[in-house]
Amino acid sequence: MESVSVHGVAVPALGLGTARMRGDECRQAVTTGLELGYRHIDTAQMYKNEDAVGDAVAQSSVDRDEVFLVTKLLRENLRYDDVLDSFAESLDRLQMEYVDLLLIHAPSRSVPVSESLRAMNELQAQGAVNHIGVSNFSVSQLREAMQASTTPILTNQVEYHPFKSQSSLLEFCIENDVLLTAYSPLNLGSGLSDETLREIADHHGKTPAQVALRWLVQQEHVAAIPKASQERHLAENIDIFDFELSEAEMEQVFELQGGLLTRLRSLLQL
């Protein structure tokens, strides 16, 4: 499994998203994912599946220290005391002593990000959280979070796929050593019949979904967390590290979202 290095931290480039999965479906997906080689597992308070994720990790033969586990704080849990209290409940559900990465799931309309980050920094100091980050933040919101935190903001998790540009954010992330974690990297399956993706897939003996994921993880400072529950999809998604897209193919996929800005092209060395 390839990894992305940010602030000296190696994050597995491909993870397993668990949104919209609960109970036995989620437990089995994570169990199968770990068996297939996934080591980056993403959950959230909002998903109501931290218990299932925790069960799967606890029962796996994979050591806990080998799993990069991410969870996220609900928007209504962003007051200082609520961060501490709700995260303690998350740890209980996960049956864990720590998480590798704790995110603010979305910017609050009423709570200053500095207040939330103060509590998250405290959790880091206690050893309950290794790294912190944000999700669904704009460039300006990410910049504010970086200025407010006493420790690095490791990632901004946002929707990103061949049909949704994040060029401004990606440029900012590359320049500031922040990981862009792409959720919904397959656009919920929409667009995978696109002719460009199909032609590139045929050339490599892969599927359009594999091309879309390879395109993401081949970009500097990008990781992807596709959601999958069926074993064949889990296996297909992780089978993207035995081929590489050419610069021309990378640009072809970027054209699906209107092409690359000159500065980002230079940063991505295309």
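Position 1 is the first residue of the sequence, and the numbers go up from there. These values consider heavy atoms only, across backbone and side chains, with no hydrogens, waters or symmetry-generated copies.
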In terms of hydrophobic clusters joined by side-chain contacts under 4.5 Å, are L36 and V57 together? yes

Euclidean distance, [Y] [atom2] relative to [X] [atom1], rounded to 0.5 Å:
X	Y	atom1	atom2	result
L192	T207	CG	OG1	8.0 Å
R22	D51	CZ	CG	10.0 Å
L123	Y98	CG	OH	15.5 Å
E220	E171	CD	CD	12.0 Å
I41	L94	CD1	CG	11.5 Å
H204	S246	NE2	OG	6.0 Å

Taking the side chain as every heavy atom from C-beta outward, state whether [X] and [Y] have any atom pair closer than 4.5 Å.
X	Y	answer
L186	L213	yes
M1	I238	yes
D82	L73	no
R27	D24	yes
Q218	M250	yes
S149	E144	no
N187	E159	yes
K206	D242	yes

Decide if atom CD of E76 counts as having more than 12 heavy atoms of other residues, nucleotides or ligands within a radius under 6.0 Å.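 More than 12 heavy atoms, drawn from other residues, nucleotides or ligands, come within 6.0 Å of this atom.
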
Go through D42 and K227 one step at a time and tell me if the salt bridge (charged side-chain N to carboxylate O under 4.0 Å, His left out) criterion holds. CA-CA 9 Å; D42 182 88; K227 176 253 181 183; over 6 Å; no

State, without any angle test, whether T196 and Q252 hold a side-chain donor-acceptor pair at a distance under 3.5 Å.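 Per modelled atom types, T196 and Q252 side chains form no pair under 3.5 Å.
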
Could you work out, with salt bridge (charged side-chain N to carboxylate O under 4.0 Å, His left out) as the rule, every residue matching R64, not counting sequence neighbours?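 Applying salt bridge (charged side-chain N to carboxylate O under 4.0 Å, His left out) to R64 gives D100.
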
F243 and H203: ring pair (Phe, Tyr, Trp, His ring centres under 6.0 Å), yes or no, with the steps? CA-CA 11 Å; F243 78 109; H203 175 72; 10.0 Å; no

Result of checking T181, D177, T155 against H221 for side chain to side chain donor-acceptor pair (under 3.5 Å): D177

Consider side-chain contact (heavy atoms from CB on, under 4.5 Å). Of L101, V99, V70, which one does H131 pass it with?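 The option that passes is L101.
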
What do the steps show when you test V53 against Y47 for side chain to side chain contact (heavy atoms under 4.5 Å, CB included), and what is the final call? CA-CA 11 Å; V53 169; Y47 301 164; over 6 Å; no

Please work out whether the ring planes of Y160 and W215 are parallel, tilted or perpendicular, with thresholds of 30° and 60°.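 Because their plane-to-plane angle lies in the 30° to 60° range, the rings of Y160 and W215 count as tilted.
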
